[in-house]
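The next block holds one structure in the form of C-alpha cells; read it before the comments.
Model, not experiment: these values are computed from the prediction. Chain naming here is simple, since letters A, B, ... match the order of the sequence lines and numbering starts at 1 in each.
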Protein chains: 2
Amino acid sequence: MAEESFVGDLPVKRPREDEENGAFNATEAMETGTNSSEYISSVIPGWFSEISPMWPGEAHSLKVEKILFQGKSDYQNVMVFQSSTYGKVLVLDGVIQLTERDECAYQEMITHLPLCSIVNPKKVLVIGGGDGGVLREVARHSSVEQIDICEIDKMVVDVSKEFFPEVAVGYEDPRVTLHVGDGVAFLKAVTEGTYDAIIVDSSDPIGPAQELFEKPFFESVAKALRPGGVVSTQAESIWLHMNIIEDIVANCRQIFKGSVNYAWTTVPTYPRPVTYPLPSHFGMIGFMLCSTEGPPVDFKHPVNPIDVDGSQRNSKPLKFYNSELHTAAFCLPSFAKKVIDSVAK
Amino acid sequence: MAEESFVGDLPVKRPREDEENGAFNATEAMETGTNSSEYISSVIPGWFSEISPMWPGEAHSLKVEKILFQGKSDYQNVMVFQSSTYGKVLVLDGVIQLTERDECAYQEMITHLPLCSIVNPKKVLVIGGGDGGVLREVARHSSVEQIDICEIDKMVVDVSKEFFPEVAVGYEDPRVTLHVGDGVAFLKAVTEGTYDAIIVDSSDPIGPAQELFEKPFFESVAKALRPGGVVSTQAESIWLHMNIIEDIVANCRQIFKGSVNYAWTTVPTYPRPVTYPLPSHFGMIGFMLCSTEGPPVDFKHPVNPIDVDGSQRNSKPLKFYNSELHTAAFCLPSFAKKVIDSVAK
C-alpha cells in the first residue's frame with residue numbers, strides 16, 4: 001500500500017455534535033479519571049446484567065471484557081474494547097463502528113452490490129472506511145487495478161491496523177493508496193470521469209456526515225465517475241428514517257441519470273450508540289446504489305459474479321454476500337416501496 | 001367469531017423460567033407497590049435518556065407515556081403501555097410481543113408465506129397468536145372457510161381486544177373459532193389430515209415454548225395437515241442462535257417429507273425483552289416453512305398471490321408483504337445457507 005497525505009484543500013474538522021452540546025462522552029469521561037469498569041457499567045446500565053435467564057445467549061453479548069484502547073483524535077474519540085461474544089469492537093464517539101463478529105455483512109454488501117453490478121471495474125475510490133474492511137472486499141475483485149481511499153482520521157487507520165488485523169488486511173493490497181484528508185475536498189480535486197466505482201462508507205446523514213448525503217457531494221461523486229460508473233452509500237433504516245431516505249432518493253434521482261436504487265440488509269450491531277440501548281438501525285441498514293448516465297446498469301441482476309470461495313486471490317471465503325442475496329436486497333417491504341417509488345423520477 | 005373452551009386434554013400451565021429462578025419480573029415488581037413510573041425508569045435505565053442528540057429520532061422511541069394495563073394470568077404477566085413513537089405495546093413476562101407500529105411485518109410474513117404458497121387454502125389452524133393479528137391476515141384469503149385458533153391464555157385475547165382493536169379485529173371474522181387451551185393437547189385431538197395450513201405463532205424455543213420446536217410437536221402438526229399441507233413457525237435469528245436453527249431444521253427434515261425451508265425478515269422490536277437493552281433477535285426473525293408429503297409445494301415461488309390492496313374483503317392494504325419480498329425472504333447470507341444446507345436431508 002502506498003500512503004500519502006492529502007494536500008489539496010485542507011482537511012476540514014467536522015466537530016461531532018455531542019462535543020458541542022455537552023452530551024456525555026465515553027472517552028472523555030474516562031480521561032477525566034473515572035475508573036473504566038465503573039464507567040462502563042454506569043453508562044451502559046443493564047448491558048452486563050444477568051437479569052433475564054430467558055436469553056442466556058445474550059446476557060453477555062456485549063460485555064466489555066477489557067478496554068484495549070482509548071484516545072482522542074483531531075476528529076473524534078476512539079475506543080476499542082474486547083467483548084465476550086462479539087470479539088473486538090471499535091467505537092467512535094460512542095457509536096459502534098464494527099464488531100469482529102458481524103462486520104462481514106456491512107463490508108461485503110456495500111462493496112459487492114456495486115462492484116458485482118458492472119463488468120471489469122478497474123479504478124475504485126473509497127470515501128471513509130478507515131478500518132480497511134471495504135478495501136479488503138474491493139481487493140477480491142481481480143479486475144481492479146487501482147484502489148484509492150480517502151479517510152479523514154489517521155487514528156482510525158492506525159487503531160484498525162493494530163487491533164483489527166483481519167479487517168485492516170485490506171491495506172496490505174499493493175493496489176491500495178491511502179489519502180488522509182477530507183473526502184469532500186478530495187472528490188472535488190479528482191479528474192472528471194476517473195473512477196468506475198465509488199463507495200461511501202460514512203457515518204449517518206443526521207450529524208457530522210450530513211453533507212455526504214446532500215446534492216453538492218453527490219454532484220462531486222457523479223463527476224468523478226466515468227459514464228455508467230456506480231456509487232454505493234450507506235442510507236439508513238427504512239424502519240427509522242423513511243423521510244430522510246425519501247430526501248436522499250430525491251437528491252440521487254436529480255444527480256444520477258443512470259439508475260437509482262435502494263437496497264437493504266441485516267447487520268445486528270452496526271452502527272449503534274453504546275450509550276443508548278436502542279439500536280440506531282434496528283438491526284438493518286440500507287444502501288443507495290446509483291449509476292451515472294452511460295452504459296445502463298441493472299443493479300438487481302449482477303453481471304460480475306464474485307468468487308465466493310475466495311480462491312482467486314487467496315482471500316478467505318465470503319461470509320455474507322452471494323448473488324441470490326444481491327438480488328433479494330432490492331426487494332422492499334410494501335410501505336417502503338411505496339414511498340421510494342413515489343419520489344419523482 | 002365463535003368461542004368455546006377447549007375441553008380435550010386439560011390446559012397445562014407452562015411456568016415461565018423467570019418465575020422459577022427469581023429473576024426480576026416487571027409486573028410483580030409493580031404489584032408489590034413500586035410506583036410505576038419509578039419502576040419503569042429504574043428497570044429500563046437509559047431508555048428515556050436524552051443522552052445522545054445524534055439520534056433525535058430514537059431518543060423517545062420506546063418512552064413509556066402511560067401504563068394502560070397490568071395483570072397476572074394463570075400463565076404469565078401481561079402489560080400494555082403507550083409508547084410515544086411505537087404506539088401501544090404488548091408485553092408478556094417482560095418480552096415485547098407486539099407494537100402497533102411494526103406488528104405488520106411479523107403477522108403478514110408468518111401468515112402469507114404459507115398461505116400464498118398453496119392454492120385455495122380452506123382450513124387454517126393458528127396455535128398461539130392470541131392477539132389476533134395472524135387471524136386478521138388469514139382472513140384476507142377469500143378461499144379460507146374455517147379458521148381455528150388455540151391460545152392458552154384468555155387474558156391475552158381479552159387485553160388485545162381492549163387495547164389493540166386493529167390487531168384483534170381478526171376475531172370479528174365469522175370464520176374464526178377460538179379454542180382456549182393448550183396447543184399441544186389441541187393438536188393431538190385433531191382429526192388426521194384436517195388442515196391445509198397451520199401457523200405456529202409462539203414465543204421462543206429457548207424457554208417455555210421449547211416443546212413447540214421439538215419432534216413430537218412437529219409430528220402432531222404433520223398429522224393434522226392434509227397431504228401437501230403447509231406449516232409456518234417462528235424460528236429465531238440466524239445472527240443469534242444458528243445452532244438452535246440447525247436443530248429445528250434437522251427435526252423438520254425428519255418429520256416433513258414435502259419440503260423444508262428457512263425464511264427471514266426484519267422486525268425492529270419483536271420480540272425483545274424490555275428488561276434488557278439488546279434486542280433478542282437483532283431486528284430480524286426467521287420462519288420455518290414446511291410441507292407434508294403430497295402435492296409438492298415450492299415455497300419460494302408463491303402460487304396464490306394475495307390482494308395487496310385489501311379491496312377483496314374490505315380489509316386495509318398490506319403494509320409489508322408482497323410477492324417479491326416473499327421470494328427474497330428465502331435468500332440467506334452465505335454463512336447461514338451453508339449451515340442449513342448441510343443439515344442432512
Report which part of B:Lys337 has an atom under 4.5 Å of a heavy atom belonging to chain A: side chain, backbone, both, or neither. side chain
What heavy-atom pair brings A:Leu332 and B:Asn322 nearest, and what distance separates the two atoms? O-ND2, 3.0 Å
Heavy-atom side-chain contact between A:Cys331 and B:Thr327 under 4.5 Å: no
Any side-chain heavy-atom pair from B:Phe320 and A:Pro333 closer than 4.5 angstrom?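 Yes - at least one pair of side-chain heavy atoms lies under 4.5 Å apart.
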If you round to the nearest 0.5 Å, how far is CZ of B:Phe335 from CG of A:Asp102? 9.0 Å
How long is the straight-line distance from CD of A:Glu324 back to NZ of B:Lys300, given to the nearest 0.5 Å?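 The NZ atom of B:Lys300 sits 6.5 Å away from the CD atom of A:Glu324.
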Counting heavy-atom pairs closer than 4.5 Å to chain A, which one of B:Ser334, B:Ala336, B:Ala328 comes out on top?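 The answer is B:Ser334.
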